[in-house]
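Data first, discussion second: the structure below is written as structure tokens.
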Amino acid sequence: MNVFNYFEVQIIAVLEALTREGKLPQGLDFTRVTVEPPRDANHGDLSTNAAMVLAKPAALAPRAIAEMLAERLRPLESVTEVSIAGPGFINLRLDDAFWCARIADVLAAGPRYGESTAGQGLRTNVEYVSANPTGPMHVGHCRGAVFGDALASLLVKAGYDVTREYYINDAGGQVDVLARSAYLRYREALGETISIPEGLYPGDYLVPVGERLKAEHGDRLLSLDEAEWLPIARDTAIDAMMALIREDLAALGIAHDVFFSERTLHASGRVEETLEALKAKGLIYQGVLAPPKGKLPDDWEERPQTLFRSTDFGDDVDRALKKSDGSWTYFAADIAYHRDKYLRGFRNQIDVWGADHSGYITRMQSAVKAISDGNAALDVKICQLVKLFRRGEPVRMSKRSGSFVTLRDVVDEVGRDVVRFMMLMRKNDAPLDFDFAKVTEQSKDNPVFYVQYAHARIQSVLRNAGKDLGEELTPALLAGAGLSGLRDEAELALIKWLAAFPRQVELGAEAHEPHRIAFYLYDLASMFHSLWNKGKDDPALRFIIADDRPLTLARLALISAVGHVIASGLAILGVEPAQEMR
RNA sequence: GGUCCCGUAGCUCAGUUGGAUAGAGCAACUGCCUUCUAAGCAGUAGGUCGCAGGUUCGAGCCCUGCCGGGAUCACCA
């Protein structure tokens, strides 16, 4: 149950009744009426802006509307207090029994708590990672991978029908470079001494590809022209690189539903088809682009190009679809790809890109509008750079020497859970510092451990509880607990925060911001640790009270619910909850 | 020079899509371990939300213009 939605429905029902009675004018728009937790909990449990939002269109004073509304809200079940404050806020307070009943919601739903139907099964495609298949993933891919995966999980939780997709860029010049690099390793496998020229991939992850080419083709490829061996070497190498990448992703706990090959777009003629469709709409023309403002590129030459009218859709300049050699640009194929997604039924598309592609967003969104006649929406989430540190010192990486940090290095060193959580402790569009020393530190400075520790503490109490109760603590026993004994402010605050989880899921999903879940969990852990320590100061607040079985069960139900919500939230982030930390 | 992102406490960052007196953590200072895990908790202190206008009942959030930092800039992918 989303408490806030629940009361929003009731408040709007009251507004409709007032309208029918002629106390509010006909035809008011209630969509801007919201029910939220007030910023300051002292104001109440729920707050609505209805009176302020409706004042102007209704031509009434906010307080007049508020008075009318408040009068009708007071009799509602569970409402103990309705007050009008500030410029016209209506604050509601709900009785303890209502809040305690939310614990039962959590226990009944278990790991499913927080699931919502807000997404209404909207088919949604989240494309993320999409690293070029030219080598193992490096640390730069890490953030987008985790972000996209968590976002996808969050959307699933919120009721969207999500496909996780990886776009394999296997059609451009870089895979030919890969093929030549692999062919060199092939010759090496056949006994030649090789040196790797500048411009080819030096990484020794291609050595097994050379071996494999040797195993499959013997020395047959040596006598072939490049035009003949290149496709063979390329396919083998791409296949091997994708296998590497899938392993890297698996190490992060990521599995895509669809791996989509760019090459198949070209091979099937869908690029041409897409361009024909755009041409039919009058969006393609031969033209000459004005040179970029400011300093010109050294090799700038003015020439006619095949252009897409992205300026019709808000872009700054029209964009080229063909290269000077007549082949399609990456953009042309990308339009075809996004059109393909649209034709597969995805009107809701999300791409997760690195910061270096931010200049590409507007043209891609323009293209999606064009190919879908405005029926599909593309949201592009940009993940800013991750700066690596070791005890405060930046980690230097050089591509040329091949001394870059791979994703696997990071996962192996600090663990999947730490990587995933830390990548989500920042908004995606803010840069992120990642210090190997700090993220493995086991202290409250480290949010991963802080949240994990809360969960572990809860499990510890639940494990020990059986002894004190004299019988095994079962879900049924907890479910049957009478909850009325939970009266302490800290306990109620914790319950209210638990009840806020479904709303956080919906808001986070709608905003495409999984980091909200990480922050929510951090706050939840903090409230739990606080409650725990109250038991240190005041034994009456401990979870297990020897001579009060009903209260003990109520508190165990509460912390069990906290455990469920932590586990449920961590599941969205793809992090395992810790059962024990010693 | 164009475009995009960022600018909130000394530091690192949240800020419920425009709500009430702007919040955490670190660092500093003061307390809390015979008792469910001190890997924790409580408290003190710290702010002209980059600057200036605008929009309205109301702006950290929206608009315009500046200032500062980053990314990117026909044809690569």
Side-chain angles (χ1 to χ4, degrees), chain A residues 4 32 34 36-40 42-43 47 49 52 55-56 61-62 85-89 91 130 132 134 169 171-175 262 288-297 299-303 305 307 315-320 322-325 327 329-331 333-334 354-362 382 384-385 425-427 429-433 438 441-447 449-450 452-454 456-458 460-465 468 500 503-504 507-508 510-511 515-516 519-520 522-523 526 529-537 539 542-544 559 580-582:
Chain A
F4 303 94
R32 288 185 60 215
T34 60
E36 300 177 343
R39 290 217 184 242
D40 185 341
N42 291 325
H43 294 132
S47 176
N49 62 357
M52 290 177 292
K56 199 169 214 182
F89 287 102
N91 297 319
S130 299
N132 290 342
T134 53
N169 299 139
Q174 88 283 356
V175 288
E262 180 186 358
V288 177
L289 284 181
K293 287 169 183 156
K295 64 171 196 288
L296 275 180
D299 54 350
W300 172 264
E301 59 175 290
E302 206 167 77
R303 62 160 175 274
Q305 290 176 295
L307 298 170
D315 204 356
D316 306 307
V317 290
D318 292 334
R319 304 292 178 175
K322 277 190 178 177
K323 301 184 211 167
S324 48
D325 67 0
S327 62
T329 60
Y330 181 81
F331 181 50
D334 218 358
D356 53 342
H357 288 64
S358 58
Y360 196 76
I361 298 174
T362 319
I382 290 293
Q384 286 293 336
L385 298 174
M425 268 310 278
R426 286 280 171 276
K427 236 176 355 196
D429 50 13
L432 186 151
D433 291 350
K438 276 191 187 163
E441 193 176 295
Q442 304 200 342
S443 75
K444 66 175 176 169
D445 306 4
N446 181 344
F449 282 90
Y450 188 76
Q452 297 270 38
Y453 184 41
R457 270 182 155 175
I458 289 166
S460 172
V461 175
L462 296 177
R463 273 194 303 270
N464 294 333
D468 297 281
R503 180 169 184 269
Q504 296 289 330
L507 290 173
E510 196 181 347
H515 77 276
R516 293 187 191 208
F519 281 92
Y520 169 86
Y522 185 86
D523 288 343
S526 172
H529 287 308
S530 176
L531 186 61
W532 175 287
N533 274 79
K534 283 201 163 194
K536 297 245 175 230
D537 297 337
R542 292 164 65 86
F543 302 130
I544 295 169
I559 65 168
E580 192 176 17
M581 297 172 80
R582 288 281 179 188

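Values below: all heavy atoms of this structure, side chains included; hydrogens, waters and symmetry mates excluded. Chain naming here is simple, since letters A, B, ... match the order of the sequence lines and numbering starts at 1 in each. Computed from a prediction, not measured in an experiment: that's the story for all the values here.
Counting heavy atoms from C-beta on, the side chains of S526(A) and Y450(A) come closer than 4.5 Å. Annotation: side chain of F449(A) is in contact with side chain of M581(A) (closest heavy-atom distance under 4.5 Å). At a threshold of 4.5 Å between non-hydrogen side-chain atoms, the residues F519(A) and Q504(A) do not count as touching. Under the 4.5 Å side-chain criterion, counting only non-hydrogen atoms from C-beta, I559(A) is not in contact with W532(A).
With a 6.0 Å radius and a threshold of 12 heavy atoms from other residues, nucleotides or ligands, K323(A) has its NZ atom above the threshold. Counted within 6.0 Å of CZ on R463(A), heavy atoms from surrounding residues, nucleotides or ligands total more than 12; the atom is thus considered enclosed.
The side-chain contact (heavy atoms from CB on, under 4.5 Å) check on P431(A) picks up Q384(A), with sequence neighbours excluded. In this view, D433(A) and K387(A), F389(A) satisfy the side-chain contact (heavy atoms from CB on, under 4.5 Å) rule, not counting sequence neighbours. Not counting sequence neighbours, the partners of H529(A) by the side-chain hydrogen bond (donor to acceptor under 3.5 Å, both in side chains) test are R457(A). For R542(A), the side-chain contact (heavy atoms from CB on, under 4.5 Å) test picks out P539(A), I545(A), with sequence neighbours left out. By the side-chain hydrogen bond (donor to acceptor under 3.5 Å, both in side chains) test, N49(A) is found to be paired with T34(A), residues two or more places apart in sequence or in another chain being considered. Partners of R319(A) under the side-chain hydrogen bond (donor to acceptor under 3.5 Å, both in side chains) rule, at least two apart in sequence or in another chain, are D315(A).
At the heavy-atom level, E302(A) lies nowhere under 4.0 Å from the strands shown. Nucleic acid contact for A55(A): none, since no nucleic acid atom lies under 4.0 Å from a heavy atom of the residue.
Spacing of P atoms, rC63(B) relative to rG18(B), comes out at 10 Å, to the nearest Å. Taking atom P on both nucleotides, rA20(B) is separated from rC66(B) by 31 Å, rounded to a whole Å. Straight-line distance between the C1' atoms of rC26(B) and rA14(B): roughly 14 Å, to the nearest whole Å. Taking atom C1' in both rA24(B) and rA45(B), the straight-line distance is 15 Å, to the nearest Å. Nucleotides rA74(B) and rC13(B) place their P atoms 30 Å apart, quoted to the nearest Å. Rounded to the nearest Å, the gap between the C1' atom of rG15(B) and that of rA71(B) is 25 Å. As rounded to the nearest Å, rG46(B) and rA27(B) have C1' atoms that lie 11 Å from one another. For the C1' atoms, the distance linking rU16(B) with rU30(B) amounts to 34 Å, nearest Å.
One can place CZ of R319(A) at 11 Å from C1' of rU72(B), the figure rounded to the nearest angstrom. Atom pair D316(A):CG and rU72(B):C1' shows a separation of 12 Å (rounding to whole Å applied). Rounded to an integer number of Å, the gap from D315(A) CG to rC4(B) C1' is 12 Å. Rounded to an integer number of Å, the gap from I361(A) CD1 to rA71(B) P is 16 Å. Per the geometry, CG belonging to D318(A) stands 12 Å off C1' belonging to rA74(B), to the nearest Å. In this entry the distance linking CD of Q305(A) with C1' of rC75(B) reads 6 Å, nearest Å. Rounded to whole Å, atom C1' of rG25(B) lies 10 Å from atom CZ of F519(A). Taking atom NE2 of residue H515(A) and atom C1' of nucleotide rA14(B), one finds them 7 Å apart after rounding to whole Å.
Heavy-atom distances to RNA chain B give each of S530(A) and E580(A) a nearest nucleotide, and the one nearer the 5′ end belongs to E580(A). For the pair D433(A) and E262(A), nearest-nucleotide mapping onto RNA chain B gives the more 5' position to D433(A).
When the nucleotides rA77(B), rC75(B), rG25(B) are ranked by their closest atom to the side chain of Y522(A), rG25(B) comes out on top. Residue K323(A) places its side chain closer to rC75(B) than to any other of rG15(B), rC75(B), rA38(B). For R303(A), whose side chain is taken as the heavy atoms from C-beta onward, the closest listed nucleotide among rC57(B), rC75(B), rA38(B) is rC75(B).
In rC33(B) the O4'-C1'-N dihedral to the base is within 90° of 0, which defines a syn nucleotide.
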Quiz item: Please walk me through it: do L307(A) and L289(A) pass side chain to side chain contact (heavy atoms under 4.5 Å, CB included)?
Solution: CA-CA 9 Å; L307(A) 298 170; L289(A) 284 181; 3.9 Å; yes
Quiz item: Which is it for S324(A) and R303(A) under the side chain to side chain contact (heavy atoms under 4.5 Å, CB included) test, yes or no, and what are the steps along the way?
Solution: CA-CA 9 Å; S324(A) 48; R303(A) 62 160 175 274; 4.0 Å; yes
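Note on Y360(A): every side-chain N or O is 4.0 Å or more away from OP1 and OP2 of rC5(B).
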Tabulate atom names and distances for all N/O pairs under 3.5 angstrom spanning the protein and nucleotides 44-46 of chain B.
none

Produce the list of close N/O pairs, under 3.5 Å, pairing protein atoms with atoms of nucleotides 16-20 of chain B; give distances to one decimal.
{"unit_1": "rU16(B)", "atom_1": "O2'", "unit_2": "R503(A)", "atom_2": "NH1", "d": "3.2"}
{"unit_1": "rU16(B)", "atom_1": "O2'", "unit_2": "R503(A)", "atom_2": "NH2", "d": "2.7"}
{"unit_1": "rU16(B)", "atom_1": "O2", "unit_2": "R503(A)", "atom_2": "NH1", "d": "3.2"}
{"unit_1": "rU17(B)", "atom_1": "OP2", "unit_2": "E36(A)", "atom_2": "OE2", "d": "2.0"}
{"unit_1": "rU17(B)", "atom_1": "O4", "unit_2": "A511(A)", "atom_2": "N", "d": "3.3"}
{"unit_1": "rA20(B)", "atom_1": "OP2", "unit_2": "R39(A)", "atom_2": "NE", "d": "2.7"}
{"unit_1": "rA20(B)", "atom_1": "N6", "unit_2": "S47(A)", "atom_2": "OG", "d": "2.9"}
{"unit_1": "rA20(B)", "atom_1": "N6", "unit_2": "N91(A)", "atom_2": "OD1", "d": "2.7"}
{"unit_1": "rA20(B)", "atom_1": "N1", "unit_2": "N91(A)", "atom_2": "OD1", "d": "3.4"}
{"unit_1": "rA20(B)", "atom_1": "N1", "unit_2": "N91(A)", "atom_2": "ND2", "d": "2.9"}

Using a cutoff of under 3.5 Å, can you pull out all pairs of nitrogen or oxygen atoms linking the protein to nucleotides 7-9 of chain B, with atom names and distances?
none

Check nucleotides 30-36 of chain B against the protein and report each pair of N or O atoms closer than 3.5 Å, with its distance, or say if there are none.
{"unit_1": "rU35(B)", "atom_1": "O2'", "unit_2": "R542(A)", "atom_2": "NH2", "d": "3.0"}
{"unit_1": "rU35(B)", "atom_1": "O4", "unit_2": "K536(A)", "atom_2": "O", "d": "3.4"}
{"unit_1": "rC36(B)", "atom_1": "O4'", "unit_2": "R542(A)", "atom_2": "NH2", "d": "3.1"}
{"unit_1": "rC36(B)", "atom_1": "N4", "unit_2": "W532(A)", "atom_2": "O", "d": "2.8"}

Can you give me the N/O atom pairs linking the protein to nucleotides 62-70 of chain B at distances under 3.5 Å, or say none if there are none?
none

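Not one N or O on the side chain of S47(A) forms a donor-acceptor pair closer than 3.5 Å with the backbone of E36(A). Within the 3.5 Å criterion, the main-chain N or O of N42(A) finds a donor-acceptor partner in the side chain of D40(A). The main-chain N or O of Y330(A) is never found under 3.5 Å from a side-chain atom of D334(A) such that the two would form a donor-acceptor pair.
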Practice problem: Using Watson-Crick or G-U wobble pairs with both distances under 3.5 Å, give me RNA chain B in dot-bracket, 5' to 3', with [ ] for crossers and | for pairs to another strand. | Solution: (((((((..((((.....[...)))).(((((.......))))).....(((((..]....))))))))))))....
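Counting only N and O atoms by type, the side chains of N132(A) and T134(A) include no donor and acceptor under 3.5 Å apart.
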